[in-house]
Amino acid sequence: MDFQDTLGPWMGKTMKLMDIYFHDYFKQNNIDISKKQWIILKVLSDEDGRVQNDLAFVTNRDKTSLTRLLSGMEKKNLVARIPSKLDKRINHIHLTKNGNLLYQKTKPIIQQLLNNIQEPLTETEIRDTIRVMQKLKEHLITKIDSCDSN
């Protein structure tokens, strides 16, 4: 089997192009945050005050890179880290007023960006692709779990 006939390179190339498109689209629309920062805003808009370690898990980031990402977002006054009253080692991450305003402002722009990306696909192709990606994700999780237990 030729490497180009497997999913790996196609998924990698597609994600790289999506990252470039996100970056360019953000720049065109004067959005002064990264895609990673926007994802944090999205997660916190759904559930503000998440525990920092939980946020790392939900966003698939290691603790160190999330800490750096949050530090940059704090400097932009988008999020605030609030220590837990019960355990000072635990931080709750909250959207600031500026973070919430930026999220609300960018939400329709991101929706348009996603529509642009999916434009050549039918609804059935989108659903099927999501289903296949979910299946691959679940399979990979079991593979990773089995490696961790060895």
Without swapping roles, check the side chain of [X] against the backbone of [Y] for a donor-acceptor pair under 3.5 Å.
{"X": "K97", "Y": "L78", "value": "no"}
{"X": "E74", "Y": "R81", "value": "yes"}
{"X": "E125", "Y": "T122", "value": "yes"}
{"X": "T96", "Y": "N77", "value": "yes"}
{"X": "Q37", "Y": "S34", "value": "yes"}
{"X": "D62", "Y": "S65", "value": "yes"}

Would you check if [X] and [Y] make a side-chain contact, meaning some heavy-atom pair closer than 4.5 Å?
{"X": "D19", "Y": "H23", "result": "no"}
{"X": "I40", "Y": "L66", "result": "yes"}
{"X": "L113", "Y": "I109", "result": "no"}
{"X": "I90", "Y": "P83", "result": "no"}
{"X": "Y25", "Y": "I117", "result": "no"}
{"X": "K42", "Y": "I110", "result": "no"}

key: Partner residues of T14 under the side-chain contact (heavy atoms from CB on, under 4.5 Å) criterion, sequence neighbours left out   = M18
task = Quick one: list whatever passes side-chain contact (heavy atoms from CB on, under 4.5 Å) with H94, sequence neighbours left out.
result = D48, I82, H92
Please list all pairs passing the ring pair (Phe, Tyr, Trp, His ring centres under 6.0 Å) test where one or both residues lie in [range], with sequence neighbours left out.
{"range": "residues 65-85", "value": "none"}
{"range": "residues 120-145", "value": "none"}
{"range": "residues 32-64", "value": "W38-Y103"}

What distance separates [X] [atom1] from [Y] [atom2], expressed to the nearest 0.5 Å?
{"X": "Q134", "Y": "T129", "atom1": "CD", "atom2": "OG1", "value": "11.0 Å"}
{"X": "F26", "Y": "D32", "atom1": "CZ", "atom2": "CG", "value": "11.0 Å"}
{"X": "Q28", "Y": "N30", "atom1": "CD", "atom2": "CG", "value": "9.5 Å"}
{"X": "T64", "Y": "L69", "atom1": "OG1", "atom2": "CG", "value": "12.5 Å"}
{"X": "N98", "Y": "K105", "atom1": "CG", "atom2": "NZ", "value": "11.0 Å"}
{"X": "D128", "Y": "L121", "atom1": "CG", "atom2": "CG", "value": "10.5 Å"}

Just checking [X]: does its [atom1] atom have more than 12 heavy atoms from other residues, nucleotides or ligands closer to it than 6.0 angstrom?
{"X": "K137", "atom1": "NZ", "answer": "no"}
{"X": "K36", "atom1": "NZ", "answer": "no"}
{"X": "K88", "atom1": "NZ", "answer": "yes"}
{"X": "D5", "atom1": "CG", "answer": "yes"}

inquiry  = Test of understanding: clusters of I, L, V, M, F, W, Y form through side-chain heavy atoms closer than 4.5 Å, transitively. Do L114 and M11 belong to the same one?
reply    = no
query = If you measure only the distance, is there a donor-acceptor pair under 3.5 Å linking the side chains of R89 and S84?
reply = no
message = We want to know whether Q112 and N116 form a side-chain donor-acceptor pair, criterion being a heavy-atom distance below 3.5 angstrom.
response = yes
query = How far apart are the C-alpha atoms of K76 and L102, what are their side-chain angles, what is the distance that settles it, and do they pass the side chain to side chain contact (heavy atoms under 4.5 Å, CB included) test?
reply = CA-CA 11 Å; K76 292 180 179 184; L102 182 60; over 6 Å; no
ask   = Are any of the side-chain nitrogens in E47 or R50 under 4.0 Å away from the carboxylate oxygens of its partner?
value = yes
request  = List the steps, then state whether side chain to side chain contact (heavy atoms under 4.5 Å, CB included) holds for L70 with Q52.
outcome  = CA-CA 9 Å; L70 291 174; Q52 186 167 335; 3.7 Å; yes
ask   = Which one of I33, I93, L41 satisfies the side chain to side chain contact (heavy atoms under 4.5 Å, CB included) criterion with M73?
value = L41
task = Determine which pairs satisfy salt bridge (Lys or Arg N to Asp or Glu O under 4.0 Å) with at least one residue from residues 106-124, sequence neighbours left out, and list them in order.
result = none
